[in-house]
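Here's the structure we're looking at; comments come further down.
Numbered from 1 within each chain, the chains take letters A, B, ... in sequence-line order.
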Amino acid sequence: MRAAIVVFPGINRERDMAIALTLATGHAPRMVWHKDTTLDGIDLVVLPGGFSHGDYLRCGAMAAQSPIMPAIRAHAARGGLVMGVCNGFQILTEAGMLPGALLRNSGLRFLSQDCHLRVENAATDFTRHYQKGQVIRAPMAHGDGNYFADDETLDRLEGEGLVAFRYATTSGEITQAANLNGSQRSIAGILSPNLRVLGLMPHPEDLVDTLMGGTDGLPLFQALAAA
Amino acid sequence: MIEINQALAASFGLSAEEYANVLRIMGRTPTLTELGVFSVMWSEHCSYKSSRVWLKTLPTKAPWVIHGPGENAGVVDIGDGLAAVFKMESHNHPSFIEPYQGAATGVGGILRDVFTMGARPIANLNALRFGDPSLPRTKRIVDGVVRGIGGYGNCVGVPTVGGEVNFHPAYNGNPLVNAMTVGIARKDRIFLSAAAGIGNPVVYVGSKTGRDGIHGATMASTEFDASSEDKRPTVHVGDPFTEKLLIEACLELMATDAIVAIQDMGAAGLTSSSVEMAGKGGVGIELNLDHVPQRETHMTAYEMMLSESQERMLMVIRPDREAMARAIFDKWDLDFAIIGHITDTGRIVVTHNGVVEADIPLAPLADDAPLYNRPTTETPKRPPLGPVADPVGILAALQKLIGCPDLCSRAWITNQYDSTVGGQTVRRPGAADAAVVRLEGTNRALALTTDVTPRYVFADPEMGGRQAVAEAWRNLTAVGARPLAITDNMNFGNPQKPEIMGQFAAAIRGMSDACRVLDFPVVSGNVSLYNETEGRAILPTPAIGGLGVLDDAAKSMGIGLQPGLGLVLVGTLVGHLGQSLWLREITGREDGPPPPVDLAAERAVGDFIRAQIKAGAITACHDIADGGLLVAVAEMALAGACGAHLDRAPKGIDPHAFWFGEDQGCYVVAVLEPDAFFLEALVMDLPAIRIGQTGGGDLKLDGVGTISVETLRAEHDRFFPAWMETP
Amino acid sequence: MKLVVTVMLKNGVLDPQGKAIGHALTGLGFEGVGEVRVGKRIELELNAADDATALAQGEEMARKLLANTVIESFKVELA
Amino acid sequence: MKLVVTVMLKNGVLDPQGKAIGHALTGLGFEGVGEVRVGKRIELELNAADDATALAQGEEMARKLLANTVIESFKVELA
Ligand SMILES: Nc1ncnc2c1ncn2[C@@H]1O[C@H](COP(=O)(O)OP(=O)(O)O)[C@@H](O)[C@H]1O
Ligand SMILES: [Mg+2]
């Protein structure tokens, strides 16, 4: 697994992501500058979390116009793996590579706390090491994670099994209270139709070490390492 | 043209005597820009004229101290060839004027003090004091300050891992926002600010200069621009995105050999950075303001020298590295401009549009800076409290205390701060007595805390100063860390009042004693005076930021209980209710002396606790502080979602005094083998008594009653959301 | 010349900020407050050959960057 | 009736967002982009006796809640 992390100005979880990928794959990912234009020899492209371009205007809007984006699109079009986490998810929606948009959290406050995710589709290169219906814990840290799409899009995502994760209670129930940011249908992560592009808001990369409180995020990286 | 005279100098904040000194040094009437330079360099903020004589008495040395006070931040050796760089700084007044931007730029400023020394910031903390929660203004300030700290810290990607929040009416018109940053550098790669190398270029990097925060006194001089009042608020707006780029660009350049000296542009921006760099290096400096990147048009020399625009740095670099340095800043889309060079004249010379706007000898500017030994009066000692009856009972008091603004859950605040970015946060806010952050790529971790109990300092400044340092040391100890050093933020009222200066002097004495006995020197700090509104001073608040190290991050200790353990109280608890929260919240009194701190006992008990944690004998540990023993146990129960069965209070002490007294130097520990633990304590001749057993979902107090942990949680969690999320 | 690009959330996209403001206004005692919606006003100096060019450029800027047409609608005007 | 309250940062106050947008537009190849400033547009339905009352209420709302007059200026209009 040859992974690359795209470094947009203002992102800040690239180191966390590199640690998780290194742990799972045994070697350090390549760091790719947003002004680069090629992704040769890469199997997995990761768009990490943070505040690209300060999250000014709209989260991810300016990064979605970066010089590297055509190469990422081409990589996805070839069936390559792409994962966008938090700001990375926002960038993927702004770039139109995943449907919908991420609006301001419904409570209008930044949310930094652990949340629980129910794995909705375990038959992907990202989620194979989880069971469908399994509940995992992950830290969230965002101000704009409120997933929005029109009903038609939501129905299609659900119908085609493209919802990867939903916010849930510890026992796996989908409730309004567990849906901390107000996302439509409690959606926390979605997939492209070929299941090779994943966007999700919470941070599995920050829960890969018992010292930091758990390893619920590790199977995702191990699955990728084996993909 | 504006006339330069004593009246103008007075409006710039210079006294008649100070202005006479300016005239003597210059040998002529200064220009407006020169007067501006003197006024900011001799301001309380930059010159420490009221506090310097006292600050000098603080202990600042230890074998592990690499740089004590005098640099942008303190530097201590933390092993493995690494150094921790840290400092705390206040942004009190700006946060009152505009809470969001005031707090945000406070975070930005302290970050720059740390990365300017070559350290990557790895953690932020803060110490906040607000007024009476029942005032609408307090709510607005809390909301803005919390959003501002989060808005800046989250964006730059430095986890906010700890802090403290208190409420008291003394802060109604003057909240305190103290921000602390901790960074990590290789200990042989620390960057200092002393300029060197005659002819070396002086480089300006970061954001462009605007008319931000130019001294209020000048604002009133509308001659500069008749319509300026409305256009130039003194508020700074922070740009955390640019700060993030600045961090990355500076650290990238610091990995090379290009930088000779570097200094952030903080208060009094270009003036203090250039004066201090040249002054410290014993050289001269020449600036040509035509080359300063400007955001606004027609800026004068005076405005550029005094602007406090954020996210800017000044460097002296090697001339042959200019192209490489420029390329790095270009890559990060930041301004990079050579605005002058180092000279051998010992003077600062500033030109603009071909005119010399300032030409000042640096040595007298620094050496003849005012220094005041202001009169002090001692705070009278408080008489002992005497007996106080318990009007409500133990469990009712516990419920009230655990939910009161000073003790309730801070989750509403900490959940707005990104505490996990970086992936190294071992102990998040609320999980332990100090935050624990691992050093990436090592097994080591830093423990970090901020502490002071202002009501103690107010009642007895010397004991309160001592307590603040002792509590920081204790909190680091409770997570198993070796306490190394502190930074401090001295927030006081008007130093021209002898009783305020007396508080300051006594607090410093108390702090110094504690630092000495605990081997816990001061390596950096900040002083914020004149915290008064309408003649009413804040409570004296010497906030302490403590730093300790753990050789093994996996050995850090939290406060959460688990079932099946013995609960032990270590330390001498006599039930001191003076200045306790119980006294205030339950009887409405703020009376009596604060609890005494016996430094020798503090040290002995703390060293024992640390050794026991290291030996693996302890499973959870919490010091006794605000609210006393029972609140400490309740917090441990909440953190671990596990109850406890507590024995009766010992004979000879009132139960409410036992459960709620705020005696110092005490810890509650949960241990698997109490007998072995008692034996260890006995060997060391330290007081340790069994107080109960963990397990179940309730706190059961023998002879008192039972309350469920979930009931406590409901009380604990209620205040902030109920207060802040209803219009 | 100066362009003004106004960006508002489309109808049907929930606007929590607008809702919160409406709530707060009512809480402050203002009566008769109905729906509140919050959008952006972007003012930009532009050096264009003429008004029509400027407006056309503004449209393109909005479509490419200033608005996300999945959730937002926009309007471009000369100031 | 419908009120529109426009809130902009005062002149001279740094607008980091506007700065970043200007930068991005130039990066996208738009030429001649000068200063960019970003503000808020708040549209609100209001049930008031007449236009003058509505405008007066809007002013008060802006001063009390919608604008931060330390750093922002505002304008109230009827839509
Ligand atoms: N209360 C204090 N205790 C210890 N050191 C202090 C204190 N106040 C200021 N200092 C030290 O004095 C120096 C100047 O501080 P300051 O003016 O805040 O620096 P900066 O301009 O970098 O913000 C720093 O080295 C700081 O650590
Ligand atoms: Mg500094």
B:Arg428 and A:Asp114: CA distance, side-chain angles, deciding distance, side chain to side chain contact (heavy atoms under 4.5 Å, CB included) verdict = CA-CA 11 Å; B:Arg428 300 186 204 174; A:Asp114 280 353; 2.9 Å; yes
Considering only heavy atoms, which portion of [X] lies under 4.5 Å from any heavy atom of chain B: side chain, backbone, both, or neither?
X	value
A:Pro9	both
A:Asp209	side chain
A:His203	neither

For residues [X] and [Y], report the shortest heavy-atom separation together with the two atoms involved.
X	Y	answer
A:Gly54	B:Cys155	CA-SG, 4.2 Å
A:Ser112	B:Ser419	OG-N, 3.5 Å
A:Asn12	B:Gly157	ND2-CA, 3.2 Å
B:Gln416	A:Arg109	OE1-NH1, 3.3 Å
A:Leu211	B:Arg438	CD1-NH1, 3.7 Å
A:Phe51	B:Asn154	CE1-O, 3.2 Å

Run the numbers on B:Glu440 and A:Asp16 for side chain to side chain contact (heavy atoms under 4.5 Å, CB included), then give the verdict.
-> CA-CA 10 Å; B:Glu440 193 184 318; A:Asp16 314 36; over 6 Å; no
Just say parallel, tilted or perpendicular for the rings of B:Phe241 and A:Tyr56, cut-offs at 30° and 60°.
-> perpendicular
For chain B, which residues of residues 17-47 of chain A have at least one non-hydrogen atom nearer than 4.5 Å to it?
-> A:Ile19, A:Trp33, A:Lys35
Residues at least two apart in sequence or cross-chain that pass side-chain hydrogen bond (donor to acceptor under 3.5 Å, both in side chains) with B:Gln562, listed by chain then number, are none
Name the member of B:Gly422, B:Gly150, B:Gly441, B:Ala554 that forms the most heavy-atom pairs with chain A at distances under 4.5 Å.
-> B:Gly422
Between B:Arg427, B:Glu248, B:Lys244, which residue shows the highest count of heavy-atom pairs closer than 4.5 Å to chain A?
-> B:Lys244
Can you tell me which portion of [X] sits under 4.5 Å from chain A's heavy atoms? Options are side chain, backbone, both or neither.
X	result
B:Thr425	backbone
B:Val156	backbone
B:Asp333	side chain

Neighbour count >12 (heavy atoms, 6.0 Å) for atom NZ, B:Lys555 | no
Flag if over 12 foreign heavy atoms under 6.0 Å of CD, B:Glu252 = yes
Residue from A:Glu205, A:Met140, A:Arg15 scoring the most non-hydrogen pairs under 4.5 Å with chain B is A:Arg15
If you count heavy-atom pairs under 4.5 Å between each of A:His142, A:His53, A:Glu14 and chain B, which one has the most?
-> A:His53
